[in-house]
2 protein chains.
Amino acid sequence: MSIEPLASLDRSTLRERALEVLRTAVLSGRYGPGDHLGEVELAGSLGVSRGTVREALRHLQQEGLVTPGNRGMLRVSSLSPHEVRELFRVREALEGLAVREIIASPGRESAVAALRTALDQLTDDGDFAARIQADLAFHLQLCRLSGNSMLVEAWQRLEGRMRVAILSGAAWQAPMMARDRHAPIVDAIEQGDVAAALRVVEEHMAAAAEHFAGASDPA
Amino acid sequence: MSIEPLASLDRSTLRERALEVLRTAVLSGRYGPGDHLGEVELAGSLGVSRGTVREALRHLQQEGLVTPGNRGMLRVSSLSPHEVRELFRVREALEGLAVREIIASPGRESAVAALRTALDQLTDDGDFAARIQADLAFHLQLCRLSGNSMLVEAWQRLEGRMRVAILSGAAWQAPMMARDRHAPIVDAIEQGDVAAALRVVEEHMAAAAEHFAGASDPA
DNA sequence: CGGGCTGCGGATGTCGACAGTCGTCACGCC
DNA sequence: GGCGTGACGACTGTCGACATCCGCAGCCCG
């Protein structure tokens, strides 16, 4: 007789699991930008019905990972360099708000500590996917620590497009996601200088925007 | 024999039309916060299959108009006063970016003109729904004129929750959506003073946040 | 009288099938 | 040879039915 309680059963629906698999597939580059994602084919591959795949695809569509093409057929999204720059401007506004709220909050010190922890995950080793994950996790943590749930939500709705942007302008030897690039943000928060912190975020986003946009448009 | 080309046919899918009807129903107050939206009932009312209603409901869920309750059953969303305040902080960041980009753009003058036009729709007469529409249309126009498509998208994803917030803290004699409240924003843009414009937006959002949050939490 | 078992009703989850539409391509006519 | 036309295949849109799960009322038993 086991003392420990039985492992909690997986209560997720097929739709959720299919969504997860498809998202991973798209984000891992398993399908390239512009590739057609057919319901029948995917349903066959995943061993589920078309309706289930359909709902997962619709979710991916709202996440911005797939875009409806001709006659509603879904294709893997791609972002133009211009859109990438726009995207990072929005991130700048959002994360700038996060920084302001963190500095203004009483729990600034613990927030800085949490960010330093997230920073440690940003190593140079590990595969590319893991580094993307660590990078985005840091920024997500930044939003979370602001304590503004709506901000977190808004940021997460952009996450899909960010990943598309990163993949799209695949800068494989990206020094962009290095620890050194993010440390100044934390430092500025620790200092408590709002203006300086906002400037750091702005520079970070501008550099990232040019980095990822410029990869496919070296203008 | 008519010279004019035949009126283009309605190419919208049942899902889109169902989505539109359901969104209108929820936003018009036809269903109150917390009300259960059953697939079978709605499918019967709309005369479509459950699957079609299902997809529309999922879309509404991602818009934030409905939230999953017990056992995945969908209920009309409601926002706590705290969440309303958070929401308006995010709007402040987003629309602040819009203002900055408009001021920095060469087409500032035409943007001001367009905003003045939108301002004219903000009259005191008309029913409540029309005034909400005019108010949000003004702010959406603000985002559009920034020329940043990602910003527009991010804002629109918040629109559902904004409407919930407005309905939730239904301030029926809202002087919040008056023309006078919005004119200073346009004026500041026309002046070209970024700092002043951002301050105006901040004040506008703060006032709105307290207005709509305070309606249900008069602290 | 209280607690647990047991149907029952209602809700969502999932599926397979049919219908409608579009792109393509070969065919036949001018 | 060029063009309109029809058939064909592929894909998505839509539907109805079955499976599954949960809450609840009623009943039985201790």
Side-chain angles (χ1 to χ4, degrees), chain A residues 5-23 25-26 30-78, chain B residues 5-23 25-26 30-78:
Chain A
L6 271 49
S8 61
L9 275 54
D10 183 9
R11 304 281 296 164
S12 67
T13 65
L14 265 186
R15 177 181 65 84
E16 295 173 273
R17 273 170 282 176
L19 172 59
E20 189 61 31
V21 169
L22 289 180
R23 180 159 38 205
V26 171
R30 166 74 182 76
Y31 298 99
D35 281 6
H36 168 49
L37 298 181
E39 295 178 359
V40 281
E41 178 194 340
L42 296 175
S45 300
L46 296 176
V48 297
S49 84
R50 262 186 58 216
T52 305
V53 170
R54 189 188 184 76
E55 287 190 43
L57 284 176
R58 282 268 135 72
H59 199 108
L60 253 46
Q61 180 182 346
Q62 291 202 262
E63 287 186 15
L65 266 62
V66 299
T67 326
N70 211 343
R71 208 188 118 211
M73 290 166 56
L74 296 177
R75 298 175 302 107
V76 176
S77 299
S78 64
Chain B
L6 270 49
S8 60
L9 275 53
D10 182 9
R11 304 282 294 162
S12 65
T13 65
L14 266 185
R15 177 181 63 86
E16 295 174 276
R17 273 170 284 176
L19 171 59
E20 189 61 30
V21 169
L22 288 179
R23 180 163 35 208
V26 170
R30 166 74 182 76
Y31 299 99
D35 281 6
H36 167 51
L37 297 181
E39 294 179 359
V40 280
E41 178 194 340
L42 295 175
S45 300
L46 297 174
V48 296
S49 83
R50 263 186 56 216
T52 304
V53 170
R54 190 188 184 76
E55 289 191 41
L57 285 177
R58 283 266 133 73
H59 199 109
L60 253 48
Q61 180 181 347
Q62 291 204 262
E63 285 186 17
L65 267 63
V66 301
T67 42
N70 209 345
R71 211 186 115 211
M73 290 167 56
L74 295 177
R75 298 175 303 107
V76 176
S77 300
S78 63

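By convention in this document, chain letters (A, B, ...) are assigned in the order of the sequence lines, proteins followed by strands, and residues within each chain are numbered from 1.
Nearest to the side chain of B:Met73, among D:dT12, D:dG13, C:dT12, sits C:dT12. Side-chain proximity of A:Thr13 to the nucleotides D:dT14, C:dC15, C:dG13 is greatest for C:dG13. With D:dC11, D:dG13, C:dC15 as the candidates, the nucleotide lying closest to the side chain of A:Val48 is C:dC15. Checking D:dG23, C:dA11, C:dT14 against every side-chain atom of A:Ser49, the shortest atom distance belongs to C:dT14. Minimum atom distance to the side chain of B:Thr52 is reached by D:dT14, of the listed D:dG13, C:dT12, D:dT14.
Considering A:Glu16, A:Arg23, A:Arg17 in turn, A:Arg23 is the only one that fulfils the side-chain contact (heavy atoms from CB on, under 4.5 Å) rule with A:Glu20. A:Val76 pairs in a side-chain contact (heavy atoms from CB on, under 4.5 Å) with only one of the listed residues (A:Val26, A:Leu65, A:Leu60), which is A:Val26.
Distance, B:Glu39 CD to D:dA17 P: 16 Å, rounded to whole Å. Between the P atom of C:dC22 and the CG atom of A:Leu74 lies a distance of 17 Å, rounded to the nearest Å. Atom NE2 in B:His36 sits about 18 Å away from atom P in C:dG9, given to the nearest Å. Protein atom CG of B:Leu42 is 15 Å distant from nucleotide atom C1' of C:dG10, rounded to whole Å. Distance CZ (B:Arg17) to P (D:dT14): 7 Å, rounded to an integer number of Å. Distance, B:Arg54 CZ to C:dT14 C1': 8 Å, rounded to whole Å. Nucleotide D:dT12 holds its P atom 8 Å from the CG atom of A:Leu57, rounded to whole Å. Atom C1' of nucleotide D:dC15 and atom CD of B:Glu55 are separated by 12 Å, given to the nearest angstrom.
Counting any heavy atom pair closer than 4.0 Å across all strands shown, B:Leu37 reaches sugar-phosphate atoms only and no base atom. No engagement by A:Gly51 is indicated, since no non-hydrogen atom pair under 4.0 Å with the nucleic acid exists. Backbone-only contact: B:Arg58 has heavy atoms under 4.0 Å from sugar-phosphate atoms and none from a base.
Note on A:Asn70: every side-chain N or O is 4.0 Å or more away from OP1 and OP2 of C:dC22. For the OP1/OP2 pair of D:dC15 and a distance below 4.0 Å, the side-chain nitrogens and oxygens of B:Arg50 include no atom meeting the criterion.
The CD atom of B:Glu39 sits 11.0 Å away from the CD atom of B:Glu55 when rounded to the nearest 0.5 Å. Expressed to the nearest 0.5 Å, how far CD of A:Gln62 lies from CD of B:Gln61 amounts to 9.5 Å.
For B:Arg11 and A:Gly47, each mapped to the nucleotide of DNA chain C holding its nearest heavy atom, the one lying further toward the 5' end belongs to A:Gly47.
No side-chain heavy atom of A:Leu22 sits under 4.5 Å from any side-chain heavy atom of A:Leu37.
Side-chain N/O atoms of A:Arg71 and base N/O atoms of D:dT12 include no donor-acceptor pair closer than 3.5 Å.
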